[in-house]
Structures are given as structure tokens and as C-alpha cells.
Amino acid sequence: MSKVYSGAGSALEGLLFDGMMIATGGFGLCGIPELLIGAIRDADTTGLTIASNNCGVDDFGLGVLLKTKQIKKMISSYVGENAEFMRQYLSGELDLEFNPQGTLAERMRAGGAGIAGFYTKTGVGTSVADYKEHKIFNGETYVLETGIVADLSIVKAWKADTSGNLVFRKTARNFNPPAATCGKICVAEVEEIVPVGSLDPDHVHLPGIYVHRLIQGVHEKRIEQRTTRAAA
């Protein structure tokens with residue numbers, strides 16, 4: 001069966017349900033699956049738990065799902081750049097599970113690799129480690145973190161072939177590959193789809209075995225923080 005779908009809505013058909021957990025790729029506004037996020041908004045799926053490095057900005061990326069209050073809980077490492085995220089968290093409208101950035105990436109990778117949990121020194125002695133199991137290895141304390149297995153992964157890549165082999169560009173490789181692997185179903189949006197055999201195997205960042213559905217789209221590519229200087 002073809003993995004290529006005509007659009008974001010059709011690619012998510014039959015996959016969404018209230019209360020589900022979604023792992024989302026991207027770093028800031030780079031490499032975010034904006035078309036699939038928009039389709040989730042349009043589907044009015046609610047009570048979502050989202051595992052993502054951040055939550056976009058107020059009117060773009062995952063921020064659009066915050067605006068419509070479709071997100072119940074965020075599993076994130078960074079909450080900056082989004083005033084609505086901060087407002088909902090401080091008012092008690094949004095649950096937030098803070099994760100150090102590397103820990104979150106490894107939790108996704110572990111879930112995709114079938115690893116139930118792992119020990120890390122990161123977060124020991126802070127509130128991140130509260131209520132979690134601690135263990136001493138070689139005289140140092142580690143905290144147990146669990147792997148993330150999501151109901152659905154949505155990711156954004158630069159290029160794919162029709163088998164779902166993905167190529168990411170630069171910063172977009174942050175979180176997209178581990179997010180893709182930890183979902184029971186993975187849907188990817190890309191800028192270009194090419195025939196099988198067109199991609200150099202050494203250039204493939206994520207094997208197509210992880211990707212179940214694909215769409216090609218046009219993306220806005222916003223700049224989150226633009227710094228300029230006056231012309232000389």
C-alpha cells in the first residue's frame with residue numbers, strides 16, 4: 001500500500017482520538033510539522049498530551065493547539081517564547097512535565113528502541129527528580145527515566161522517498177528522528193517526495209520502516225527570533 005497521502009487531513013484519518021499522546025518533532029520553529037498540527041486543530045481532538053521540546057509560539061506551531069485549548073498536558077524542556085503557554089501553566093489550566101532537553105530526546109529514543117527506562121545523572125538533586133527512583137552506580141547517584149511511547153508521532157523532514165526514508169536538514173534533525181521512532185504510528189510531512197532509489201542510502205537519517213504515512217506540502221518557515229542591524 002502507498003504511504004503517500006494527498007494532504008494532512010487524509011493522512012491523519014482514523015488516527016486521532018481524545019486523550020491521546022502525540023510526540024512531535026522540531027526545535028523552536030525549525031522542523032515542526034505545521035501542516036499536521038493544523039489538521040489536528042481542525043479535527044478538534046481534545047485532551048491531548050504532547051511530548052515536544054517546546055510548544056511553538058502563540059500563533060504558530062503547537063501554539064495553535066494551545067490557543068484552542070486542545071492540549072491537556074505538555075512534556076517539554078522549554079516553555080519560552082509562548083505567552084499563552086506560560087499563562088495556561090501558571091493558571092493551572094495546563095499540566096506540564098518538565099524534562100531536561102537531552103533527557104527528553106533520550107526518552108523518545110528509548111521508547112522507539114523498546115527500552116522501558118534508563119538511568120541518568122541529569123536532574124539529580126532538582127525537582128525534576130522528585131518522586132523518581134534513584135540508584136547509585138560507581139558512587140554516583142542516578143535517576144530513573146522512562147521511555148516515551150506515543151500513540152502518534154508527527155514529524156517534518158526535508159525530503160523523502162515513497163517508502164518513507166527521510167532526510168532532515170541541519171537543526172531539523174533535533175528531536176525529529178527520536179520523535180518519529182517512539183510513536184506507534186508515524187506521519188511525516190516533507191518538502192519533496194522522490195522515487196525509491198533516488199536517495200543515497202548514506203544520506204538517509206531515518207529508515208522508512210518507522211514511517212507509516214507521508215504528505216508533501218508547502219511550508220511557511222518562520223524565523224522565531226530575527227535580529228538585524230541598521231544598514232551602514
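Starting from 1, each residue takes its place in the sequence as its number. Quick caveat, the model's predicted, so the values are computed rather than measured.
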Heavy-atom closest contact (G31 atom, A172 atom, distance): CA-CB, 3.9 Å
From N176 atom CG to M108 atom CE, the distance as rounded to the nearest 0.5 Å: 9.5 Å
Reported CD1-to-CG distance for the pair I22 and L65, which is rounded to 0.5 angstrom: 7.5 Å
Presence of salt bridge, E93 and K69, under 4.0 angstrom: yes
Check against side chain to side chain contact (heavy atoms under 4.5 Å, CB included), I32 and T24: CA-CA 8 Å; I32 62 171; T24 306; 5.8 Å; no
Short side-chain to backbone donor-acceptor contact, R213 and A11, under 3.5 Å: yes
Neighbour count above 12 (heavy atom, 6.0 Å) for Y89 OH: no
Exercise: identify the closest heavy-atom pair between S77 and P100: CB-C, 4.0 Å
From OG1 (T49) to CG (D95), nearest 0.5 Å: 8.0 Å
Contact check, side chains of K159 and L199, non-hydrogen atoms, under 4.5 Å: yes
Partner of L214 under side-chain contact (heavy atoms from CB on, under 4.5 Å), chosen from L166, V187, D161: L166
Heavy-atom side-chain proximity of I148 to L104 below 4.5 angstrom: yes
Same cluster (ILVMFWY, side-chain, under 4.5 Å), I209 and I193: yes
Residue pairs, two or more places apart or on separate chains, that pass salt bridge (Lys or Arg N to Asp or Glu O under 4.0 Å) and touch residues 9-34: none
Audit row: E189, L35, side chain to side chain contact (heavy atoms under 4.5 Å, CB included) steps and yes/no: CA-CA 7 Å; E189 62 182 69; L35 305 179; 3.4 Å; yes
Main-chain N/O of G28 paired to N54 side chain as donor or acceptor, under 3.5 Å: yes
Non-hydrogen atoms of C182 and A23 that approach each other most closely: SG-CB, 3.5 Å
Test item: S2 and T162 side chains (from C-beta on) under 4.5 Å apart, heavy atoms: no
Residues V4, I215; criterion side chain to side chain contact (heavy atoms under 4.5 Å, CB included); working and verdict: CA-CA 6 Å; V4 181; I215 63 166; over 6 Å; no
Donor-acceptor contact below 3.5 Å, side chain N165 vs main chain G208: yes
Short side-chain to backbone donor-acceptor contact, H205 and F168, under 3.5 Å: yes
I154 side, atom CD1; L15 side, atom CG - distance, nearest 0.5 Å: 11.0 Å
Value rounded to 0.5 Å, distance of SG in C55 from CE in M86: 13.5 Å
Mutual orientation of the aromatic rings belonging to F137 and Y142 [parallel < 30°, tilted 30-60°, perpendicular > 60°]: perpendicular
Side-chain ion pair, E191 and R169, N-O less than 4.0 Å: no
Minimum heavy-atom distance between N53 and S76, given as atom pair plus value: O-CB, 3.7 Å
Atom CZ of R173 with >12 non-hydrogen neighbours under 6.0 angstrom: no
Heavy-atom check, side chain of T45 versus side chain of F17, under 4.5 Å: no
Donor-acceptor under 3.5 Å (K3 side chain, V211 main chain): yes
Closest contact, heavy atoms only, N99 versus R107: OD1-NH1, 2.9 Å
ILVMFWY network linking M21 to I71, side-chain heavy atoms under 4.5 angstrom: no
Short side-chain to backbone donor-acceptor contact, Q70 and I40, under 3.5 Å: yes
Flag, side chain of T68 to backbone of V64, donor-acceptor distance under 3.5 Å: yes
Same apolar cluster: M20 and I75, side chain cutoff 4.5 Å: no
Side-chain donor/acceptor of T141 to backbone N/O of I136, under 3.5 Å: no
Evaluation steps, salt bridge (charged side-chain N to carboxylate O under 4.0 Å, His left out), between K67 and E84: CA-CA 7 Å; K67 185 176 181 179; E84 180 63 13; over 6 Å; no
Shortest non-hydrogen separation from M74 to L94 and the atoms involved: CG-CD2, 4.2 Å
Same apolar cluster: L66 and L62, side chain cutoff 4.5 Å: yes
Sub-4.5 Å side-chain heavy-atom contact between Y119 and H134: no
Atom pair OG1 (T103) and CZ (F98), whose distance is rounded to the nearest 0.5 Å: 13.5 Å
Side chain to side chain contact (heavy atoms under 4.5 Å, CB included) against A110, all qualifying residues, sequence neighbours excluded: I115, F118
K156 and H219: CA distance, side-chain angles, deciding distance, side chain to side chain contact (heavy atoms under 4.5 Å, CB included) verdict: CA-CA 10 Å; K156 159 74 165 52; H219 299 86; 3.5 Å; yes
S198: partners by side chain to side chain contact (heavy atoms under 4.5 Å, CB included), with sequence neighbours left out: V194, P195
Donor-acceptor under 3.5 Å (E145 side chain, T120 main chain): no
Common cluster, I185/I50, ILVMFWY with side-chain heavy-atom separation under 4.5 Å: yes
